[in-house]
Amino acid sequence: MMMATNADIHTLAAPYALHALPDEDVELFEEHLAECSACAAEVEEIRETAARLGAAAAVSPPARMKDDVLRRIEQVRPLPPEVTDSGDDDRDTLRSGARRRAWRRWWGPIATGAVAALLAGIVVLGIQLNETREQLDRSQAIGAQMRELVTAPDMQVVQAEQGDSGGTVIMARSVDTAVLMVHGMEPAPAEHTYQLWFIDDDGARSAGLLGDTEDGRIGPFTAHGLADADHLGITVEPAGGSERPTTDPVMLIELA
Amino acid sequence: MPTLRPVGDEGGAEHQADTTATLGDLLERSARGDTAAFARIYDQVAGPVLGIATRVLRDRSQAEEVAQDVLVEVWRSASRYSTARGSAMAWIMTIAHRRAVDRVRREQAATDREFRMAAQAESPPYDQVAEQVEMSFEREQARRCLESLTELQRESVTLAYYDGYTYREVAELLKAPLGTVKTRLRDGLIRLRDCMGLGR
């Protein structure tokens, strides 16, 4: 996936958002924008700020203006909604709400096309509680923490499948903990590791480094600090991990 | 017990005008052809839309033309608004600002510099307009936040946004290098964002 490498073009986000780019630069920047979700987030943020400046300049419109406008719209048919399955615009693909927008801002690469496709491919399923308890009882990894988690009144199981890989998360916000198991994972590249992230409106927080894969499996991996996270994400990071995600997620799981 | 209902002149069946509907909700209804919902949008945004058009264009009658076009455009393309693109207000104000700026640039291209200067001379500058404008929390906040910027930041933001100049023109006007203007613009906007409590 391409990320912005040209620092200079990146600085055009502010003038672009304010319509202060000459036409020839607009095209140039829009090409870049299509591949730079960090820029898209910045443009969006600036426009929120600018809207406040604009609203601060509000004047009282003459009364007849309302009549004129209402009369004019009688003659205008509203456009039909855009049907978005053609992938014509990455930014349109991820349109399921403000929360998603909030973490996209912090995790730039998420808004790229490949990841949008990945998101679409993820199916989240709930599993019957009893079934899960049985599964867990069979697991050798149950410790006291796990029991606390599993018996928590708000325990939930979230499962995500994507092609041959997938993950299961057992979580309870009351104990601030999520346990993750994944399967179908390639081993991390040499000198690299898989890192788990909690993602919420404030960004991505590291939830720890995942160990090596065994037969494509990882976990059960216990992560504390769930808080308000609405997604778990896994990225490939340089050995030792990173403070912030530096690559596109290889797996994203939407939490209940 | 029968309840009396006002006879709707817009013909919509279900607008028991709930006062809590957000601008986004109203846009959604508007996209389905609900003119009553649009009228409520109008009430919320016409002032800001006309305001920014007036700031950019100066000429009041041109500004009103642009504002009307913007509002009709909002009606027409309401279905294209998505919360993933930010707040409904920002979406509408972006359309308004772009239309106003386009108009200015077209005027310029049409060699109407003289006309524009005349229009500017006729229109009172910002501070004198202030009396006529709606007093609002936004206004006070924006003023306070703009004041918190450095002079170069404030001038860059103001010339680009309120006056609709390109950043190259801003650089020319401020006799500052292009790179400096871009940086001041960005820094200024970040500071404004934080000052307005929009940062995360």
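Just so it is clear, the structure is predicted and the values come from calculations on it, not from any experiment. All values below come from the heavy atoms of this structure, side chains included, with hydrogens, waters and symmetry mates left out. Residue numbers start from 1 in every chain, and the chains themselves are labelled A, B, ... in the order their sequence lines are given, proteins ahead of strands.
- In this structure, chain B has a heavy atom under 4.5 Å from the side chain of A:Arg64, while its backbone stays farther away.
- The pair B:Arg193-A:Glu48 does not count as a salt bridge, with every side-chain nitrogen at least 4.0 angstrom from each carboxylate oxygen.
- In this structure, the side chains of B:Thr166 and A:Pro15 stay at 4.5 Å or more apart for every pair of heavy atoms.
- Of the listed residues A:Val69, A:Leu21, A:Asp25, the one with more heavy-atom pairs under 4.5 angstrom with chain B than any other is A:Val69.
- At distances below 3.5 Å, at least one donor-acceptor pair connects side-chain atoms of B:Tyr42 with backbone N or O atoms of A:Lys66.
- Between chain A and the options B:Ala67, B:Ala90, B:Ala78, heavy-atom pairs under 4.5 Å are most frequent for B:Ala90.
- To the nearest 0.5 Å, atom CE of residue B:Met196 and atom OG1 of residue A:Thr49 are 6.5 Å apart.
- Under a 3.5 Å cut-off, the side chain of B:Arg168 and the backbone N or O of A:Ala20 do not form any donor-acceptor pair.
- Most heavy-atom pairs under 4.5 Å with chain B, from the set A:Ile73, A:Val76, A:Leu18: that is A:Ile73.
- Note that the CG atom of A:Leu70 and the CH2 atom of B:Trp75 stand 9.5 Å from one another [nearest 0.5 Å].
- Atom CZ of residue A:Arg52 and atom CE of residue B:Met93 lie 11.5 Å apart, to the nearest 0.5 angstrom.
- Of the atoms belonging to B:Ser156, not a single heavy atom falls under 4.5 Å from chain A.
- The line from CG of B:Leu189 to CZ of A:Arg47 is 12.0 Å long, rounded to the nearest 0.5 Å.
- For B:Arg105 and A:Asp23, the salt-bridge test fails: no basic side-chain N is under 4.0 Å from an acidic carboxylate O.
- Between B:Glu64 atom CD and A:Met65 atom CE the span is 6.0 Å, to the nearest 0.5 Å.
- Heavy-atom distances place both the backbone and the side chain of B:Val72 under 4.5 Å from chain A.
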Report task. Apply the test side-chain contact (heavy atoms from CB on, under 4.5 Å) to residues A:Thr11 and B:Arg186: give CA-CA distance (whole Å), side-chain angles for both, the deciding distance (0.1 Å), then the verdict. Result -> CA-CA 8 Å; A:Thr11 63; B:Arg186 186 163 187 268; 5.6 Å; no
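- In this structure, B:Tyr162 contributes its side chain and A:Leu53 its backbone to a donor-acceptor pair below 3.5 Å.
- For chain A, no part of B:Asp102 is nearby; none of its heavy atoms comes within less than 4.5 Å.
- Among A:Pro81, A:Pro78, A:Pro62, A:Pro22, the residue making the largest number of heavy-atom pairs under 4.5 Å with chain B is A:Pro78.
- With contacts defined as side-chain heavy-atom distances shorter than 4.5 Å, the pair A:His19/B:Val104 does not qualify.
- With hydrogens and angles ignored, the 3.5 Å screen pairs a side-chain donor or acceptor of B:Tyr161 with a backbone N or O of A:Ala50.
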